[in-house]
**Student:** 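Pasting a structure here, questions to come.
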There are 2 protein chains.
Amino acid sequence: MAHKVTILDIARLAKVSTTTVSRVLHNKPDVDPATRERILRIVEEQGFVPSITAAGLAAGRNPLISVLVPALTWPLIPELLLSVASVVESTSYEMVLYSISSSNHERDCGKIIDRILATRLTAGLLAVFPGQSSQHLTRLRRQGFPVVLIDDQSPPPEGIPWIGADNRRGAYEATRHLIELGHRRIAHIQGPLKYCVSHERYQGYCDALQEAGLEVDPSLVLEGDFMPAGGQRCALALLSRPASERPTAIFAASDYMAYGVIAAAETLGLRIPQDLALVGFDDNPASAHVRPALTTVRQPVHAMGEQAIKLLLEMIEQEQMPRRRRQTLPATAEESPREAPRIVLPTSLVIRESCGALQRHPSALLPEI
Amino acid sequence: MAHKVTILDIARLAKVSTTTVSRVLHNKPDVDPATRERILRIVEEQGFVPSITAAGLAAGRNPLISVLVPALTWPLIPELLLSVASVVESTSYEMVLYSISSSNHERDCGKIIDRILATRLTAGLLAVFPGQSSQHLTRLRRQGFPVVLIDDQSPPPEGIPWIGADNRRGAYEATRHLIELGHRRIAHIQGPLKYCVSHERYQGYCDALQEAGLEVDPSLVLEGDFMPAGGQRCALALLSRPASERPTAIFAASDYMAYGVIAAAETLGLRIPQDLALVGFDDNPASAHVRPALTTVRQPVHAMGEQAIKLLLEMIEQEQMPRRRRQTLPATAEESPREAPRIVLPTSLVIRESCGALQRHPSALLPEI
DNA sequence: CTGTTAGCGCATTCAT
DNA sequence: ATGAATGCGCTAACAG
């Protein structure tokens, strides 16, 4: 290993104390400009970079952020992570990735969360779609650990800042779009009902129907699994009904399920959009490529990631104060339990071929990369 | 913040010294079984987890691993990361993610790499498709920092363990498959020639043609960009030639470009696979969903990630020895510069609809998730 | 404006 | 089989 240059080396070379070096490194005001200049130069020359580890130990916190994600291969996770990463990398923080891999889903992310908290490696946690395990998160949060949640969870856990998409409105717009295209028998393939988003999207679907004076036909609403297989299964059931009862349009609660619908339609010899209009939800990158290109509701992943991580960073910066020095803390202003922010970001309807609103146009196949 | 329990607390509760606690935590042999038992119990009760930071500082290394990836939204990256993450999470290491986000690509990952090395936060680096910047990596490696590379780079940088896919053979098999289906005018859309893999895949293409006694027609080989747009552009050029010169099959060097070919074919009213056979390369998750489902060469991403991270972990464990203690190092056995491992993993041809080898069968649309 | 003094929490000699 | 002592590299009071 090459020689490691420490702050002490710099101090010696600059003929000052390590304290002073530390000061300029942290942009403290009280330093002679000339000295500062000199130190900076030497730091540069020597290629000195402070040891995060040591700094963290001494200061009682680390410039590291935990990011907890599910499968990683889920549709929008990489996009989300990308926007998070780009924000993180513009700061001096690093990002530690924890994924709830399929295998150890049972031993729950509870374990991971314990690890995150106990180890004190990171200064905060951004949890993406943590599923059922948000109970652990509230525990974390209650201990004063900065946590921000993205989406998910039925009643968003109290006290945890939360960022999500406006699922209900997105679903409403998708359904309304189908209604405007003249459809009257519109089916809905729901996500698993254990997820809150499934209910929200269903609500949006109902909103649109009711607004149009159509009534919700329960037999046109099936519960899927967010995966293509489930979409296909439901579509098969829906589409094999007698023509007079068969839906002319389907709103699937996820793009994946919409893929399943496409497969089912093909099996039955139904053309999309001519015989069946289809709208999905998510706007997976792949959805612009499937044939027919899928009309869908785009989730504001980029904004979600960005806002969430910025919020978390803010929380962490605030948390700085109550170091473990037992000082005459100004009797702490009663730790006003400010409402945790709830940010709901708007979705947007992306119109492609599958809903029949467009002439089939080859350029629609071009990826939007 | 909840009270943080330290090793000292444990020691007090167990009425032993921190040294002893440390010993049992590290499974050192010389500890009275009864004492060990007692300590372990208390550790459990208190939910004590050692501070990574402090341990790292004291021991001179951290149980952290840097993983450097490009875009994250690139086709196979999430899958790769997934297998890496699952291995990492089965150890006591954590994984720090660095991504070469689009924006700061110019300031190069050189900067990130500096950060990785200088900061000494992590004990090793797994670099995935690092592109041009592998020069920085060799520097890292030369300083004795454990580095493992996945794929990429023309002459794989010396001295760096390297894991890759057998691009040439994969391309060979894809092309041979087309030949076996009776095609004679087979075009190839290459990746950007600045990438080594593009050449390798081209070589495989040539191998198959030559083996079949066909000659390589340079006018049937176009350079693309790995993206759908480039694939479409090339396909348009290829397919608008007079029928007698038009290729009957296209082998695209990436699935993305194959998507572009599909779009182009549709524009020109050509049916796949009836009028044009198509094979891609990568096996993106989406490729099973596009219509027609894409025949392609699957990269062994899972194995690549797993092997790479395991290799890295081994290197790190070895590196342990030469701590910075100035002991009477046994005159070091001349640091035998063992050849850095080069592991080439086999690809596999995934036959779907686009090559025409299959009857079009709806179930082929089912995702393989 | 600058240096001195203590640790942060743990691992590791070196004694016993 | 166990403990005392030392220091990893840095930050943050507290004096000058």
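In what follows, chains carry the letters A, B, and so on, assigned in the order in which the sequence lines appear, proteins first and then strands, with residues in each chain numbered from 1. Note: hydrogens, waters and symmetry copies are ignored here, and every other heavy atom, side chains too, is used.
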**Student:** State which of D:dA13, C:dT12, D:dT11 makes the closest approach to the side chain of A:T19.
**Tutor:** D:dA13
**Student:** Is there a side-chain contact between A:I316 and A:I65 (heavy atoms, below 4.5 Å)?
**Tutor:**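 Heavy-atom side-chain distance check passes, below 4.5 Å.
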**Student:** Side chains of A:S22 and A:T19: any donor to acceptor distance under 3.5 Å?
**Tutor:** no
**Student:** In residues 41-51 of chain A, what residues come within less than 4.0 Å of DNA chain C, judged by heavy atoms?
**Tutor:**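 Within residues 41-51 of chain A, no residue comes under 4.0 Å of DNA chain C.
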**Student:** Whole-Å distance between D:dC10 C1' and A:L25 CG?
**Tutor:** 10 Å
**Student:** Could you tell me whether the side chain of B:T35 has a donor or acceptor atom within less than 3.5 Å of a complementary atom in the base of D:dA1?
**Tutor:** no
**Student:** Would you classify B:S22 as touching base, sugar-phosphate or nothing, given that sugar-phosphate means primed atoms plus P, OP1 and OP2, and contacts are heavy atoms under 4.0 Å?
**Tutor:** base
**Student:** For B:I52 and C:dC8, what is the distance between atoms CD1 and P respectively, to the nearest whole Å?
**Tutor:**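 For the pair B:I52 CD1 and C:dC8 P, the rounded distance is 20 Å.
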**Student:** What contact category does A:D32 fall into here, base, sugar-phosphate, or nothing, at under 4.0 angstrom with non-hydrogen atoms?
**Tutor:** sugar-phosphate
**Student:** A:R38 CZ to C:dT2 C1': how many Å, rounded?
**Tutor:**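 So the two atoms are 12 Å apart, to the nearest Å.
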**Student:** Nearest whole angstrom, please: distance from the P of D:dC8 to the CG of A:D9.
**Tutor:** 11 Å
**Student:** In Å, rounded to the nearest 0.5 Å, how long is the span from CD1 of A:I163 to CD1 of A:I343?
**Tutor:**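 Atom-to-atom, A:I163:CD1 and A:I343:CD1 are 3.5 Å apart.
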**Student:** May I ask you to evaluate whether B:T53 reaches the phosphate of C:dC8, defined as a side-chain N or O under 4.0 Å from OP1 or OP2?
**Tutor:**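 Checking B:T53 against C:dC8: no side-chain N or O falls below 4.0 Å of OP1 or OP2.
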**Student:** For B:R23 and for B:I7, find the nucleotide of DNA chain C with the closest heavy atom, then tell me which residue's nucleotide is more 5'.
**Tutor:** B:I7
**Student:** Rounded to the nearest 0.5 Å, what separation is found between the CG atom of A:L126 and the CG atom of A:L312?
**Tutor:** 6.0 Å
**Student:** Answer yes or no: is there a donor N or O on one side and an acceptor on the other, between the side chain of A:Q46 and the main chain of A:I10, under 3.5 Å?
**Tutor:**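 No, the answer is negative, given that no donor and acceptor are paired below the 3.5 Å cut-off.
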**Student:** Given D:dG9, C:dG3, D:dG7, which nucleotide is nearest the side-chain atoms of A:L57?
**Tutor:** D:dG9
**Student:** What's the closest nucleotide to the B:A58 side chain, out of D:dG9, D:dT11, D:dC8?
**Tutor:**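 The nucleotide sitting nearest to the side chain is D:dC8.
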**Student:** I want to check something: taking the side chain as every heavy atom from C-beta on, are A:I42 and A:V21 in contact at a cut-off of under 4.5 Å?
**Tutor:** no
**Student:** Could you please spell out the steps behind the side chain to side chain donor-acceptor pair (under 3.5 Å) verdict for B:S83 and B:S86?
**Tutor:** CA-CA 5 Å; B:S83 65; B:S86 87; over 6 Å; no
**Student:** Spell out, as yes or no, whether a donor-acceptor pair under 3.5 Å connects the side chain of A:R23 to the backbone of A:N27.
**Tutor:**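 Checking the backbone N and O of A:N27 against the side chain of A:R23, no donor-acceptor pair under 3.5 Å is found.
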**Student:** Between atom CG in B:L121 and atom P in D:dC10, what is the gap in whole Å?
**Tutor:** 13 Å
**Student:** Of the nucleotides C:dT12, D:dC10, C:dT2, which one has an atom closest to the side chain of A:D30?
**Tutor:**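 For A:D30, the side-chain atoms sit closest to C:dT2.
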**Student:** Side-chain contact, heavy-atom cut-off 4.5 Å: B:D9 with B:F48?
**Tutor:**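 Of all side-chain heavy-atom pairs linking B:F48 with B:D9, none is under 4.5 Å.
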**Student:** Check the distance between C:dC10's P and B:H26's NE2 and give it to me in whole angstrom.
**Tutor:** 10 Å
**Student:** Dot-bracket for DNA chain C, please. Rules: Watson-Crick or G-U, both distances under 3.5 Å, ( ) within the strand, [ ] when a pair crosses earlier ones, | for another strand, . otherwise.
**Tutor:** ||||.|||||||||||
**Student:** Compare the minimum distances between each of D:dT2, C:dA11, C:dG3 and the side chain of A:T20, then state the nucleotide with the smallest one.
**Tutor:** C:dG3
**Student:** Please determine, for the side chain of B:A54, which listed nucleotide (D:dT11, C:dG9, D:dG3) has the closest atom?
**Tutor:**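 Looking only at heavy atoms from C-beta outward on B:A54, the closest nucleotide is C:dG9.
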**Student:** Starting at CD1 of B:I39 and ending at P of D:dA1, how long is that distance when rounded to a whole Å?
**Tutor:** 13 Å
**Student:** Using atom CG of B:L8 as one end and atom C1' of D:dA5 as the other, report the distance to the nearest whole Å.
**Tutor:** 14 Å
**Student:** Is the shortest distance from a Lys or Arg side-chain nitrogen in A:E37 or A:R41 to a carboxylate oxygen in the other one below 4.0 Å?
**Tutor:** no
